[in-house]
Amino acid sequence: MAQVDAAFLRRWLGRVSEAVGREAGRLTELDSAIGDADHGHNLRRGFDAVAAGLENEPPATPGAVLAFAGRTLISTVGGAAGPLYGTLLRRAGKALGEEREVPDERLGEALRTGVDAVGQLGGAKAGDKTMLDALLPAVAALPDYAAAAQAAREGAEATVALRARKGRASYLGERSEGHMDPGAASSALLFAALAEVAAGE
Amino acid sequence: MAQVDAAFLRRWLGRVSEAVGREAGRLTELDSAIGDADHGHNLRRGFDAVAAGLENEPPATPGAVLAFAGRTLISTVGGAAGPLYGTLLRRAGKALGEEREVPDERLGEALRTGVDAVGQLGGAKAGDKTMLDALLPAVAALPDYAAAAQAAREGAEATVALRARKGRASYLGERSEGHMDPGAASSALLFAALAEVAAGE
Amino acid sequence: MKMLINGAERVVADALRGMAEAHPGLAVDVDNRVITRSDAPVADKVALVSGGGSGHEPLHGGFVGPGMLDAACPGEVFTSPVPDQILRAATSVHGGRGVLFVVKNYTGDVLNFDMAAELAEDEGIEVAKVLVQDDVAVTDSLYTAGRRGTGGTLFVEKLAGAAAEEGAPLDRVAGLARRVADSSRSFGVALGAPSTPAKGGPTFDLPAGELEFGIGIHGEPGRERRAMTGAAEIADVSVAAVLDDLKPTGPLLVLVNGMGGTPLLELYGFHAEVRRALRERGAEVARTLVGNYVTSLDMAGCSVTVCQVDEELLRLWDAPVSTPALRWGR
Amino acid sequence: MKMLINGAERVVADALRGMAEAHPGLAVDVDNRVITRSDAPVADKVALVSGGGSGHEPLHGGFVGPGMLDAACPGEVFTSPVPDQILRAATSVHGGRGVLFVVKNYTGDVLNFDMAAELAEDEGIEVAKVLVQDDVAVTDSLYTAGRRGTGGTLFVEKLAGAAAEEGAPLDRVAGLARRVADSSRSFGVALGAPSTPAKGGPTFDLPAGELEFGIGIHGEPGRERRAMTGAAEIADVSVAAVLDDLKPTGPLLVLVNGMGGTPLLELYGFHAEVRRALRERGAEVARTLVGNYVTSLDMAGCSVTVCQVDEELLRLWDAPVSTPALRWGR
Ligand SMILES: Nc1ncnc2c1ncn2[C@@H]1O[C@H](COP(=O)(O)OP(=O)(O)O)[C@@H](O)[C@H]1O
Ligand SMILES: Nc1ncnc2c1ncn2[C@@H]1O[C@H](COP(=O)(O)OP(=O)(O)O)[C@@H](O)[C@H]1O
Ligand SMILES: [Mg+2]
Ligand SMILES: [Mg+2]
Ligand SMILES: [Mg+2]
Ligand SMILES: [Mg+2]
């Protein structure tokens, strides 16, 4: 596969919605250990809305799909994850412009732009025990989707040992160590879904 | 033994205070099943005050001992048991008059008068699952102290099967069945202590 | 069970010290356990005195102040106050026009207030009494101690307090209080048991999937256990219980009351269902109160109280009140 | 864990319906989740908008009304509101003199309010923001998201609300709000975890003999676990924490706040100990509030907030306020 179109990204986000629906309990459980026990349920609400919206009025370009998804997350999720994931997808969508098909490399670049925006918005860096610890290695491995999924998973696993410096887990200080960051865990789900959809092509 | 004096009754109430102190948890536990979980702690507060008061300024006549104990219970216990037990002892004390020694029979009559006053004040009858179910058979058996203690114990046991018609246990309707009435249980303690003190003479 | 206390024996005394320092409008006699308006006695006003076991806060101490109670006597947790205490309250707020005792119908409260009334009359104070017995979960018959007093107490204290503030004489205040008591009905539900300091833990066990229907405010088990259900059905049952008993023909005051351990967020949602249920049955609501007013320590649960009012009672409800827990107007 | 709800997804919407019917002084847009004063927009007045996750009631919706907030935006339970919602609140209460956003310092709240501020400014509304970050349990350093906003929010909303009501312009109201935020410090303790509808049970396990010190209001575990102790020691630790950080040189407003699941009886007793601890350290108390104001659902526990005030702030504190949860004056 060398080109992605709007349908591909719609399949991706549909699969994310399924995965988040399936894993909402686990994500909320992770958030209950070092946060406020809402991450899974918030994301499920958001991605349900994304999936429903994409089905009702499917945007025709890859950029429009991501921009729509980003806006929807921003206006339905709330909390920290809503603006962060929303910004990721909105910026990525913007970066893709209006083309009907883009090569894998362009999608990778766009998602890198989105992840950079997450860093700017939240002020977190690699190693702060946030979603970025899964997102950064994942987008670095693109356009190899399978490698990106694996990098995200490993990045999420590696957050277990870290001490949080951003988000509400940082309130716990050293007590935040020993738990996986919920946002990193959900980021891993995003890239697992991307790899699955890519592999299915 | 044929005569009781103030010292005898002070010994009795001192022993009641010990028994209630020891059994406060159990009485409160009984009250928690069909009431509001305070009976033991209320009585302990009251009989502690009675014992302390009798030690500080020991009244010289049997009547004065009981009247003092009754007044003290009324002003320290609260709840249903405070006025009821307080009235029992106050009326019994009044009935004993000013003599320095009275025969067992007179004490028995006085306590019967006190128990009658409990019935009048609270409006309960035998079989209503209250302290009266221990008190009535107990005073009927006086002046045989041992028989009175046994009658009170059996009366208390027999409340297990009854449905409450007075006090807060009555709110439970049939759910009050199967539990011993806490007030009947504490009445059994009173008469057990009386028998012990009498046997020790 | 963990509690924010210094020891079971000190709970009430500590709370009174804390109330004294929190509310400049109250005068608190910690040793004698009497809470009064700091401007008491108010001359030429009927004085209202209430009280009961502690653990129901803000009832009664939180309702002391202009427009409501003149004094409250808190007993030990879930234990009626003693006559000496009630007498002291009565004498210190008596303003020359008599005292009304507002008594919740529990054996202990009735006996202790009656004894206090005798003592007060011995001292030349005229005393009248109103018995609050609004809890429809209890069958009022020869086979019970009669209906319990619960949420309706707030209505009696507010409306009679307003009448007293207006200068009504004792018989009028007492008559009005009885009218309010007669027009009030309550029904309560528990999702869990409260924990008392004396017991050191929950007063009853409630299995995960079950509710207690028809509970009181003292950690007593209820009339009946039912399978856990949603707010809508709990509202239906509660509203049916109070309306079927009251059979109102006029507008209602409604109190949706939290028992202490139910979050206000849930209580508001429950209120929405109560209003729906009242609407479905054609009941007219004049005024509403939602919050923790007549509690049972940390019990999770709620109660619904309604009180039928006419124009006079509605005017008295809207009259100014200035207490720690209820405050409006002027 | 049993809850008085119709289902986790409906909790916030149901509560809003219930608030709408409880408080005639509020206008509640249930669909868009915006609570406003029913007389909004108030012409020629700076408008105050706040919001945050639900589960802290009465914060913020219970503080909407004359003398305090113009609008509140409740998010899902423990989840910041979304920008659209905040924007709608701002546009509907904007009275022509700008809007002040009162934001508790959490990543989610900050991001969503900032996005809303951009959108509002696009629509020509002048927006200022005050960040409440009063919780001394959190080290404010590069290694954290900064201090959380908790009890101090009440002081900011009340005092800035009073200044806005007096007609002060946006920069003055915002400056005053920041001064109050800078002068406020909080410290909280949990005896147990709250249960969220989404999780369906407690958000953390707390063994029988232990306390969480330095907790927030979102069911996060605290900084530290310690062995269970009495109210006196908990007060000592809490008071030391806030005073050592604030180092006050003037009189204080004091909020002794319940987290939702602690009985008011216990809270008053705790307040007595807080006052003792403040006295021992020579702190002067000007005004006090004791109750459940900034809660964490049904969490058992408490927090202590102090705010140093001068004459102007004290006057603003005493100024009339008329909201569901805070009401005095006129
Ligand atoms: N400043 C930040 N930068 C990047 N990611 C962050 C930041 N703050 C929080 N996060 C991510 O957000 C996740 C929490 O999301 P969520 O639970 O939905 O929000 P909230 O903390 O508001 O409840 C964290 O696990 C973390 O991965
Ligand atoms: N009307 C009554 N007549 C006689 N005894 C009663 C009556 N009501 C209650 N009691 C007794 O009082 C006991 C309860 O005492 P206690 O728990 O101290 O008071 P309360 O019910 O006020 O909490 C009951 O177990 C019962 O034996
Ligand atoms: Mg979270
Ligand atoms: Mg009892
Ligand atoms: Mg009792
Ligand atoms: Mg959250």
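Just so it is clear, the structure is predicted and the values come from calculations on it, not from any experiment. In what follows, every chain begins at residue 1, and chains take the letters A, B, ... in the order their sequences are listed. Only heavy atoms go into these numbers, but all of them, side chains included; no hydrogens, no water, no symmetry mates.
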Under a 4.5 Å heavy-atom cutoff, which of Leu297(C), Val256(C), Val189(C) has the most pairs with chain D?
-> Leu297(C)
So which of Ser54(D), Cys302(D), Gly18(D) has the biggest tally of heavy-atom pairs under 4.5 Å with chain C?
-> Gly18(D)
Contact part of Leu206(C) toward chain D, heavy-atom cut-off under 4.5 Å: side chain, backbone, both or neither?
-> both
Look at Pro320(C), Pro263(C), Gly301(C) and state which one has the largest set of heavy-atom pairs under 4.5 Å with chain D.
-> Pro263(C)
Heavy-atom contact with chain D under 4.5 Å, split by part of Thr262(C) = side chain
Under 4.5 Å from a heavy atom of chain D, the part of Ala232(C) involved = both
Check against salt bridge (Lys or Arg N to Asp or Glu O under 4.0 Å), Lys2(C) and Glu210(D) = CA-CA 9 Å; Lys2(C) 283 165 280 182; Glu210(D) 295 184 22; over 6 Å; no
Turns out that what part of Val77(D) lies under 4.5 Å from chain C's heavy atoms comes down to side chain
Using non-hydrogen atoms and a 4.5 Å limit, figure out which bit of His56(C) sits close to chain D: side chain, backbone, both or neither.
-> neither
Any side-chain heavy-atom pair from Asp298(C) and Glu266(D) closer than 4.5 angstrom?
-> no
Whatever's closer than 4.5 Å to a heavy atom in chain C on Glu233(D) counts as neither
Atom CZ in Arg276(C), atom CZ in Arg17(D): separation rounded to 0.5 Å?
-> 8.0 Å
Choice from Ser322(C), Gly7(C), Ala22(C), Ala13(C) maximising heavy atom contacts with chain D below 4.5 Å | Ala22(C)
At a heavy-atom separation under 4.5 Å, does Arg287(C) approach chain D through its side chain, its backbone, both, or neither?
-> neither
Determine the option with the most heavy-atom pairs under 4.5 angstrom with chain D, choosing from Glu21(C), Glu273(C), Met299(C), Arg10(C).
-> Glu21(C)
Closest-packed option against chain C by number of heavy-atom pairs under 4.5 Å, given Gly269(D), Ala325(D), Gly230(D) = Gly269(D)
If one checks every heavy atom of Pro24(C) against chain D at 4.5 Å, the contacting part turns out to be neither
Heavy-atom distance under 4.5 Å to chain D: side chain of Val285(C), backbone, both or neither?
-> neither
Short question: side chain of Asn6(D), backbone of Ala231(C) - any donor-acceptor pair under 3.5 Å?
-> yes
Examine whether an atom of Met228(D) lies under 4.5 Å from a heavy atom of chain C, and if so say whether it belongs to the side chain, the backbone or both; otherwise answer neither.
-> side chain
Given the options Gly291(D), Ala208(D), Gly62(D), Pro194(D), which has more heavy-atom pairs under 4.5 Å with chain C than any of the others?
-> Ala208(D)
dist Leu265(D):CG -> Met19(C):CE (nearest 0.5 Å) comes out at 10.0 Å
Do Leu4(D) and Ile234(C) touch side chain to side chain, with heavy atoms closer than 4.5 Å?
-> yes
Is chain C contacted by the side chain of Pro58(D), its backbone, both, or neither, given a heavy-atom distance below 4.5 Å?
-> both
d(Leu16(C) CG, Tyr268(D) OH) to nearest 0.5 Å is 10.5 Å
